[in-house]
Amino acid sequence: MAKKLDKVDVVTVGVGWMGGIVAAELTKAGYKVVGLDKGKEKDIKDYLHTHDEVRYPVRGEGYEKLTNETYTVRNTLEEDARPIRDKSTAVIGEGIGGGGSHWGAQTHRYYPYDFEIRSKTIEKYGEEKIPKNMTLQDWGITYDELEPYYDKFEKMAGISGEPDPNYPERSDDYPTPPLKKNRQMLLFEEAVKKMGYNPFVIPSGTLSEQYTNPDGETLNACQYCGFCGSNYCEYGAKADPVMTVIPTAKKTGNFELRTHARVIRILHENGKAVGVLYEDTRTGQEFEQPADLVVLTSYVFNNVRLLLLSEIGKPYNPENGTGVIGKNFTDHHGVTSSHGLFDNEKFNNYVSTGAYGMAITDYTGDLVDHHDLDFLHGGQIEARITGNAPVANNIVPEGTPQWGKEFKEKSLFYANRFLMIFSQKATLPYQEYYLDLDPTYTDANGDPLIRITWDYSDNDKAIHEFIQEKHVEILEEMGATHILAYPMPEHFSGGLAFQHNGGGVIMGKDPETSAVNSYLQMWDMDNLFVCGASAFPHFSCTNPTTTAAALTYRAAEGMMEFLKNGGQLVEAKSQKRLV
Amino acid sequence: MTENKDANQKNVSDNQEEVDLSKRQFIKTAGMTTGGIVGGILLGSFISKPFKTEKYEPASEDSHHHGSGGHNTFTEAMQFFTRIEDLLTLSAAAEIIFPEDENGPGAIALGAPYYIDKQLASPWGKNIDDYRKRPFLEGESPLNRGDTMLTGLRKLNEVSQSKYNDIFNNLEEDAQIEILKGFEAGEIEMNLVSSAGFFALLRQLTLEGCYADPLYGGNKDMEGWRMKEFPGAYMSYTDVVEVEEFVKKEPMSLSNHM
């Protein structure tokens with residue numbers, strides 16, 4: 001029998017970036033917030049000795065153990081899904097801070113085109129440009145409406161960067177200057193400028209200088225130590241919920257953080273959430289936590305899974321495209337990457353941070369005319385210096401074996417003679433790709449796991465072909481002796497590599513086609529908000545945290561408005577599409 | 001600091017002949033005779049020396065001040081393996097994957113076999129943090145990593161026996177390479193796991209054993225890092241970030257942070 005606890009104003013399910021932002025904003029405003037996280041407590045004392053390739057990136061010290069639960073994957077509606085079993089291939093953040101403790105901290109904003117992608121595409125190219133099974137939707141919000149919240153996130157996190165010359169002027173500069181340019185970045189910059197592109201230093205949550213944010217939290221200057229993207233920052237130089245929003249919430253005295261607290265169900269009566277049921281993962285004891293407002297802040301998978309398990313919202317049906325929970329799932333791990341090897345250059349590749357490099361956005365959104373292109377949207381092109389961790393980095397010229405004498409010799413020779421060109425591509429949604437509950441595999445309690453049905457689309461493959469040609473041109477211009485242009489895998493394997501998934505509880509203007517409004521408030525349940533990349537109707541080119549966090553800052557204002565006055569914050573608009 | 005490869009190079013080549021001899025000799029003579037193993041006591045006396053990795057002097061005298069230093073080999077014994085011939089097969093295969101050459105030591109001298117033994121004995125080797133619920137579908141292996149390794153190593157010897165009438169360790173290098181290529185390509189029929197899956201684990205663990213922080217028992221004296229000019233666990237590179245030419249640093253291990 002679950003033990004019933006005293007009611008609070010707000011309960012969040014997960015205490016990473018989204019849960020931390022909600023906790024900070026609402027506790028500062030005087031609301032009592034309980035944060036539940038199924039993982040462990042963490043603080044910077046746990047971050048020492050993270051300069052360890054095997055323990056962190058290879059084995060995944062910072063990733064959630066899959067002993068009790070995982071997710072399953074299939075490529076088509078006809079297949080049986082199989083569980084992802086190996087912890088190190090499912091890069092799900094563990095403990096408070098979640099993925100925000102071990103992220104690479106690349107913090108681009110999304111583009112104005114993204115938020116109105118359907119309307120703008122039809123306006124310019126006509127509806128026939130959108131493939132029939134591509135469920136492209138507007139987000140129900142514009143870039144201009146979201147801009148102040150991007151700014152708010154960047155100031156909280158101390159983001160280092162410089163403006164992207166291709167996109168609208170920002171309301172304010174990045175709070176800290178860009179990271180220093182190294183030799184590889186200068187080479188890239190020179191080459192792409194010559195080719196007519198507009199390079200800029202990648203904005204990053206690894207800070208170029210010490211910075212105190214508006215909440216009074218201080219982050220330190222990045223040391224370029226090279227143990228970043230899968231590691232905790234030993235220096236406190238990486239924006240991390242554990243270093244920022246969580247202590248901000250704690251300082252108010254209004255925040256109670258409970259770890260080892262795994263939420264099993266959202267409790268609801270008569271269309272209203274009344275709280276959550278959770279278990280202490282150490283004892284198995286169940287608790288009922290009543291709250292006026294329930295906020296799901298578990299990124300994507302667990303947001304969707306809890307709604308489905310709790311029977312809230314209409315589950316999505318991929319056969320006819322009706323329903324919303326699980327809809328427009330996108331996986332964003334199908335990156336395009338190419339290596340250039342330089343026989344006569346030697347770089348300090350061991351010097352790096354999580355999102356270190358320069359980028360161009362000239363092929364993103366709708367900046368180039370798509371009339372004669374067989375895809376929509378596009379991809380960024382980045383020169384990325386990701387460190388030179390020696391187990392993972394063994395780059396050899398094409399045709400070299402992957403082990404043995406020649407491998408050893410070449411991998412040693414090229415250890416500091418390569419650089420990488422990297423593209424994350426926009427991933428657009430399709431009717432047959434979605435999330436639901438797995439019919440076979442369960443967690444340790446017997447509840448079904450979340451199931452992914454997803455594969456690479458023609459759009460992904462076409463962007464890959466297009467953008468990789470540009471990689472090769474750039475590497476040639478930079479003077480590479482050998483160019484390795486890696487093909488895309490034929491099918492999505494289910495491994496995550498980083499934590500880029502989106503959709504499943506998408507935002508929009510119409511309750512028929514979206515699950516939450518532009519404040520991330522459920523259309524079907526006024527006192528339930530769902531924050532995370534689960535709200536993305538499609539995945540743009542770059543990393544999700546910045547946009548998910550900006551949406552969550554805006555949602556936090558909506559939550560306060562709701563706690564004062566109640567009701568739906570946005571008037572629903574039917575956007576019935578002509579078929 | 002600029003590159004000073006010559007000094008390292010010399011040091012490595014001075015050692016090379018000695019190590020080469022001991023390793024090869026050992027693998028050829030000490031292991032097993034066709035169809036059976038030699039007696040335990042005899043075997044023990046053969047094993048002790050060539051298997052200890054103390055023969056490699058650090059390339060730079062400085063390393064004593066930075067890293068694991070010292071030469072004790074108390075941690076070089078078996079935690080996971082129970083049969084010595086499994087460790088011998090593993091060592092021979094790992095050495096083929098990452099051989100000793102003019103650049104420096106190979107997998108054996110770097111301690112990779114002991115690293116692998118320790119990893120397989122760890123919770124990771126038993127897949128403790130992984131999702132293990134049945135059913136295992138076609139293409140999935142129900143074996144944990146330790147069992148995958150044992151199954152694969154024994155299959156290596158089986159294939160060697162049937163093709164060349166001798167165990168893997170005793171074969172000429174070319175034959176060993178040929179057999180491993182067959183495993184890598186998934187051409188060898190195995191029970192419950194694919195030969196490609198076994199080979200991928202073997203290769204991954206071998207590279208880890210050569211390049212992991214020495215705290216795990218491989219990358220002896222940081223020689224793997226030194227060869228690769230990877231500095232290891234430095235706290236800061238603010239001094240290097242804007243330097244145009246390559247900056248070679250003497251490696252540092254996590255033990256230096258204690």
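Note that these values count all heavy atoms, side chains included, but never hydrogens, waters or copies made by symmetry.
- When heavy atoms are compared at a cutoff of 4.5 Å, A:Glu409 approaches chain B by way of both its backbone and its side chain.
- When all heavy atoms of A:Thr442 and B:Tyr131 are compared, the pair lying nearest together is O-OH, 2.7 Å.
- Atom CG of residue B:Asp129 and atom OH of residue A:Tyr63 lie 13.5 Å apart, to the nearest 0.5 angstrom.
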Exercise. Between A:Phe407 and B:Arg203, is a side-chain contact (heavy atoms from CB on, under 4.5 Å) present by the stated rule, with each step listed?
Worked result: CA-CA 12 Å; A:Phe407 167 76; B:Arg203 177 186 178 276; 3.5 Å; yes
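- Within the 4.5 Å cutoff, no side-chain heavy atoms of B:Trp124 are placed close to those of A:Val54.
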For this session: Could you please spell out the steps behind the side-chain contact (heavy atoms from CB on, under 4.5 Å) verdict for A:Glu234 and B:Met235?
Result: CA-CA 9 Å; A:Glu234 196 158 347; B:Met235 289 293 284; 3.5 Å; yes
Problem set entry | Working for side-chain contact (heavy atoms from CB on, under 4.5 Å), residues A:Asn393 and B:Phe230 | CA-CA 11 Å; A:Asn393 289 283; B:Phe230 178 71; over 6 Å; no
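- In this structure, A:Arg85 forms a cation-pi arrangement with B:Phe136, its terminal cationic atom sitting closer than 6.0 Å to the ring centre and no more than 45° off the ring axis.
- With a 4.5 angstrom heavy-atom cutoff, B:Leu215 touches chain A only via side-chain atoms.
- Of the listed residues (A:Pro390, A:Ala444, A:Ser88), the greatest number of heavy-atom pairs within a distance under 4.5 Å of chain B belongs to A:Pro390.
- Put simply, CG on A:Leu412 and CZ on B:Phe98 are 5.5 Å apart, with the number rounded to the nearest 0.5 Å.
- Between B:Ala212 and A:Val391, the shortest heavy-atom distance links the atoms N-CG2, 4.4 Å.
- Neither the backbone nor the side chain of A:Ala237 comes within less than 4.5 Å of any heavy atom of chain B.
- Comparing B:Glu244, B:Met258, B:Gln204 by heavy-atom pairs within less than 4.5 Å of chain A, the highest count is held by B:Glu244.
- Chain A forms more heavy-atom pairs under 4.5 Å with one residue of B:Asp213, B:Leu254, B:Leu137 than with any other, namely B:Leu254.
- Atom CG of residue B:Leu180 and atom CH2 of residue A:Trp403 lie 4.5 Å apart, to the nearest 0.5 angstrom.
- The main-chain N or O of B:Gly232 is never found under 3.5 Å from a side-chain atom of A:His51 such that the two would form a donor-acceptor pair.
- Residues B:Val240 and A:Tyr350 approach most closely at CG1-OH, 3.8 Å, considering heavy atoms.
- Nearest heavy atoms, B:Glu208 versus A:Val58: OE2-CG1, 3.4 Å.
- For B:Glu140, the parts lying near chain A are the backbone and the side chain together; criterion is any non-hydrogen pair under 4.5 Å.
- If you tally non-hydrogen atom pairs under 4.5 Å between each of A:Gln402, A:Lys65, A:Arg59 and chain B, the highest count goes to A:Arg59.
- Contact of B:Leu202 with chain A is not made at all, since no heavy-atom distance falls under 4.5 Å.
- A donor atom on one side chain and an acceptor atom on the other are not found under 3.5 Å apart for B:Lys249 and A:Asn348.
- A distance of 13.0 Å separates CD1 in B:Ile128 from CG in A:Leu66, rounded to the nearest 0.5 Å.
- In terms of modelled atom types and a separation under 3.5 Å, the side chain of A:Arg82 and the main chain of B:Glu138 share a donor-acceptor contact.
- The part of A:Leu449 that comes within reach of chain B is its side chain, from C-beta onward, which places non-hydrogen atoms under 4.5 angstrom from that chain.
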Exercise. Do A:Asp86 and B:Arg145 pass the side-chain contact (heavy atoms from CB on, under 4.5 Å) test, and can you show the C-alpha distance, the side-chain angles, and the key distance before you say yes or no?
Worked result: CA-CA 11 Å; A:Asp86 180 350; B:Arg145 296 182 180 95; 3.3 Å; yes
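- Taking each heavy atom of A:Lys408 and B:Pro99 in turn, the nearest pair found is NZ-O, 2.8 Å.
- A pairwise comparison of heavy atoms in B:Ser236 and A:Gln223 identifies OG-OE1, 2.7 Å as the closest pair.
- The distance from the CG atom of B:Asp130 to the NZ atom of A:Lys87 is 8.5 Å, given to the nearest 0.5 Å.
- Using a 4.5 Å cut-off between heavy atoms, A:Leu48 makes no contact with chain B at all.
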For this session: Let me see the working for B:Lys228 and A:Asn394 under side-chain hydrogen bond (donor to acceptor under 3.5 Å, both in side chains), right down to the final yes or no.
Result: CA-CA 10 Å; B:Lys228 220 171 181 189; A:Asn394 288 285; 2.7 Å; yes
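- Contact of A:Phe413 with chain B is not made at all, since no heavy-atom distance falls under 4.5 Å.
- No side-chain heavy atom of B:Phe246 sits under 4.5 Å from any side-chain heavy atom of A:Arg183.
- With a 4.5 Å cut-off on non-hydrogen atoms, A:Tyr441 touches chain B through its backbone and its side chain both.
- In this structure, A:Tyr224 contributes its side chain and B:Asp239 its backbone to no donor-acceptor pair below 3.5 Å.
- Neither the backbone nor the side chain of A:Ala90 comes within less than 4.5 Å of any heavy atom in chain B.
- Crowding of B:Arg134 atom CZ: a count of heavy atoms from other residues, nucleotides or ligands under 6.0 Å not exceeding 12.
- Only the side chain of B:Tyr216 comes within contact range of chain A, with at least one heavy atom under 4.5 Å from a heavy atom of that chain.
- For the atom pair B:Lys133 NZ and A:Asn68 CG, the distance stands at 9.0 Å (nearest 0.5 Å).
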